[in-house]
Amino acid sequence: MAIVRSTEPHAFITGLDFSELPSDILYFTAKDLEENIIEDAIEDQPVLAYDKVRFYGEPIAIVAADSHQKAVSFSQKVKVKYQKLPIVETPKQALEPDAPLLFEKGNLLSEFHHEKGNVTESFEDCDLILEEDFHLPIQDHAYMEPDAAFAWMEGDVLSIYTSTQNVFHDQRMIARALGIPLHNVHVMAATVGGGFGGKDGHTVQIFAALVAYRTGRPAKIVISRREVFIGTYKRHAVDLHLKMGFQKDGTFRALSSTAYLDTGAYAGLGPAVMGLFSEHLGGPYVISNVKIDSYLVYTDKAPAHAMRGFGAPQGAFATESLINRAANILQIDPIEIRMKNALTQGALGTLGQKMEHVVGLREALEVVRDSDLWKEKNTNQDPSIGFGIAAGYLSCGLGKGVPDSAKVEIDREPNGDFTVRVGLVDIGQGNATALAAIAGEALKVPLEKIHLIMADTTQTFDCGSTAGSRSVFIAGNAILAAVRDYFSHPETGRGFAETEFPQSKTDLNVIGFPHAMYTFIAQAVKLKLDPISGQPQLAGIFAATEAGKVINRLSMDGQIQGGIAMSIGYTLGENMNYRNGIPDNQRFTVYILPTAEDIPPIQNVSVELYEATGPYGAKGAAEVATVVIAPAITSAIESIRDLKINRLPLDFEQILDAKEKGSVC
Amino acid sequence: MLSCKINGEEIHSEIPSDMRLIDFLREEMNLTGVKEGCSEGECGACTVLFNGDPVNSCIMLAIQAEGAEITTIEGIAKDGKLSDLQQAFIDHGAVQCGFCTPGMILAAQALLDKNPHPAEAEIRHAISGNLCRCTGYQAIVDAILAVSQRK
Ligand code: FES
Ligand code: FES
């Protein structure tokens with residue numbers, strides 16, 4: 001199979017010509033779908049574009065042949081006629097009164113406004129006010145396995161293996177697009193080669209399903225790396241203006257922000273990302289006076305969506321950068337200033353949400369302060385070496401008002417082993433290992449006796465998505481409850497339970513937030529700035545993470561190290577960089593991922609506080625590590641060169657060339 | 001006609017001259033441990049050993065393997081027993097999604113075959129052609145170091 005994709009970023013489709021395709025090459029368009037919509041929270045995206053394309057690389061038609069090579073070469077013979085439209089390149093341009101429109105309803109998809117305390121007055125009382133414009137780029141998930149699916153028919157039933165984060169969502173969107181009953185769609189997750197949020201939606205599932213359903217023959221699709229770059233979900237680019245007011249003693253007194261999030265051509269999970277961006281913008285601190293205005297805007301780019309950290313890294317870059325600069329100006333130690341303002345259990349976050357669960361930020365900061373890496377800061381004599389720190393947090397679960405539950409069944413087999421059925425996917429982060437360990441421990445049997453069946457719409461129950469750092473927490477709790485159910489009547493050989501993720505008691509009247517529970521981090525960086533190239537050479541990273549009790553130390557450290565590496569890429573060079581609606585970087589030769597030589601040794605220490613509502617005291621941990629390594633790195637650079645780094649990825653030449661003190665890079 | 005040795009076995013096969021080595025291994029030989037992440041020599045997921053050296057099988061033609069000895073991940077375990085490196089990857093948590101793992105292990109194996117006691121920097125250099133998006137490389141480096149120090 002191959003996909004005919006738009007070569008225009010914004011245009012009307014005025015004609016499709018398949019006349020050069022021989023009769024044994026099949027093609028499918030929007031007309032072959034019962035309902036041309038990708039089922040999601042906001043339904044604005046067609047499965048196949050039919051009247052209009054809104055981004056370069058948007059799928060228009062599917063070509064199927066008896067070999068992949070044939071399908072690809074004939075897909076290039078399909079002619080699409082366009083009537084070009086002016087393009088919308090940035091959120092600010094999108095909101096101008098005469099901007100071209102992606103949708104008739106306008107380019108503003110959603111907005112969020114929040115005010116707490118009295119921001120205007122409190123800024124007047126501040127001893128120090130810092131404000132800057134920040135820009136964060138578009139990042140690709142760059143999971144190593146390109147999106148793929150394999151579908152076939154057995155009687156009326158369409159079976160499909162998908163590379164996904166949620167088989168039940170796949171089932172719903174396939175059934176709806178093809179107009180077939182839900183129970184005739186059987187979705188199983190294949191071993192997923194990385195997701196990071198990018199496989200929490202439609203990638204290619206409906207395409208393979210459509211071809212198998214219409215032809216009755218098995219259908220396989222694997223897209224190319226270039227297609228992954230131009231055609232799949234991304235992390236939101238953000239432009240924001242942030243102002244923070246401080247007292248002499250380091251108290252964070254006021255914060256105000258205006259932010260524009262670039263959601264690309266379709267909503268995806270954009271509104272939820274804007275929610276988490278706004279919720280996390282102020283960082284894990286007590287700030288009494290807060291004003292947040294956020295806008296989510298359509299542009300002619302690949303849709304932005306969920307990506308590990310879910311809006312938090314963008315805001316944290318701005319806030320942590322200003323905090324580091326304030327600490328420097330006020331001559332307060334950067335750990336001290338964070339200690340002073342840190343959230344504690346029971347305190348109110350920037351949206352006024354109460355910290356209802358365990359909070360280990362101060363403990364994490366203390367661990368960093370005592371680390372060898374940070375102590376070296378006081379003895380270092382080399383002016384080309386710098387140190388930086390940042391702290392952050394990330395919510396666990398799907399947020400207030402969003403259904404967030406898991407159902408688990410446990411069956412005792414005749415040989416005394418146990419089958420445990422969990423409807424979540426292991427996307428490579430190791431939740432299967434953790435869940436099997438929880439089941440083994442609770443059932444008091446060795447791990448070999450636990451057989452986990454995951455992510456199969458026929459054999460497991462809907463547990464929602466592997467997302468929101470929720471899977472171990474929610475499924476772990478459901479396993480424990482199912483085990484209790486089993487022990488209450490062991491003679492039946494079966495245990496079943498459904499559990500809910502704890503929801504915040506704070507009500508903001510917005511679906512999806514705030515959250516009830518957060519995971520906390522403090523991360524420190526040591527780096528050397530190359531005087532010739534301007535390039536920072538990372539020498540070491542020390543991370544302290546509080547994610548409740550740790551279930552599997554190896555998996556935990558792996559999540560932290562992997563999350564940090566992903567955000568090192570975000571800092572040092574990853575950027576889709578659209579020009580005239582076409583991304584510059586469509587290959588790994590130009591979209592540069594960090595290699596083993598770019599990533600320094602990363603040490604993670606877990607601060608193990610016990611979270612009473614979690615399975616064996618655990619919270620979620622898969623995403624938090626991505627949140628603040630960027631501002632830790634830039635602060636280390638700013639400690640060597642007197643600069644203000646306000647945009648990512650770093651521009652090495654600019655850093656090198658900046659002559660004036662305080663230049664903005 | 002292509003004649004070569006794959007995972008220790010003599011192979012003779014009729015193949016089209018424009019067939020890539022990766023397609024021959026995956027489609028004809030069913031060695032699906034060879035992964036395809038980019039198709040242009042950038043990610044290392046398709047790494048196989050070619051006379052002991054790591055190569056990207058996505059940018060080679062199958063006919064270039066004439067007379068050569070090819071090792072894929074399927075040829076690394078012996079008599080159903082994982083190799084030291086494979087076991088160390090498991091013990092150190094060096095596998096998350098696993099997509100990069102076959103290529104990583106082969107690249108690391110090639111290094112250790114030539115240089116049994118590499119320094120950490122040499123290890124990082126040897127696997128720098130193999131991208132991993134999940135692990136941050138630390139656990140992978142630790143696993144390779146552990147094997148090199150054991151011997
Ligand atoms: S698939 Fe061969 S190097 Fe990426
Ligand atoms: S483990 Fe997923 S890419 Fe390396």
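Below, read A as the first sequence line, B as the second, and so on, with proteins coming before strands; counting in each chain starts at 1. Atoms considered below: every heavy atom in the structure, side chains included; atoms not considered: hydrogens, waters and symmetry mates.
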Please round to the nearest 0.5 Å and tell me the distance separating atom [atom1] of [X] and atom [atom2] of [Y].
X: A/Q69; Y: B/R20; atom1: CD; atom2: CZ; result: 7.5 Å
X: B/I90; Y: A/L554; atom1: CD1; atom2: CG; result: 11.5 Å
X: B/T101; Y: A/M144; atom1: OG1; atom2: CE; result: 11.5 Å
X: B/I123; Y: A/E597; atom1: CD1; atom2: CD; result: 12.0 Å

Any pair counted as salt bridge (charged side-chain N to carboxylate O under 4.0 Å, His left out), so long as it reaches residues 88-100 of chain B, sequence neighbours left out: none

A/I427, part contacting chain B, at a heavy-atom distance under 4.5 Å: backbone

Under the salt bridge (charged side-chain N to carboxylate O under 4.0 Å, His left out) test, residues paired with A/K526 that sit two or more places apart: A/E376

Contacts of residues 23-48 of chain B with chain A (heavy atom under 4.5 Å): B/D23, B/E27, B/E36, B/G37, B/C38, B/E40, B/E42, B/C43

Which residues share a side-chain hydrogen bond (donor to acceptor under 3.5 Å, both in side chains) with A/Q537, sequence neighbours left out: A/D530

Under 3.5 Å: donor-acceptor pair, side chain of B/R124, backbone of A/T595: no

Short side-chain to backbone donor-acceptor contact, B/Y137 and A/P594, under 3.5 Å: yes

Between A/Q603 and B/Q138: side-chain donor-acceptor atoms closer than 3.5 Å: no

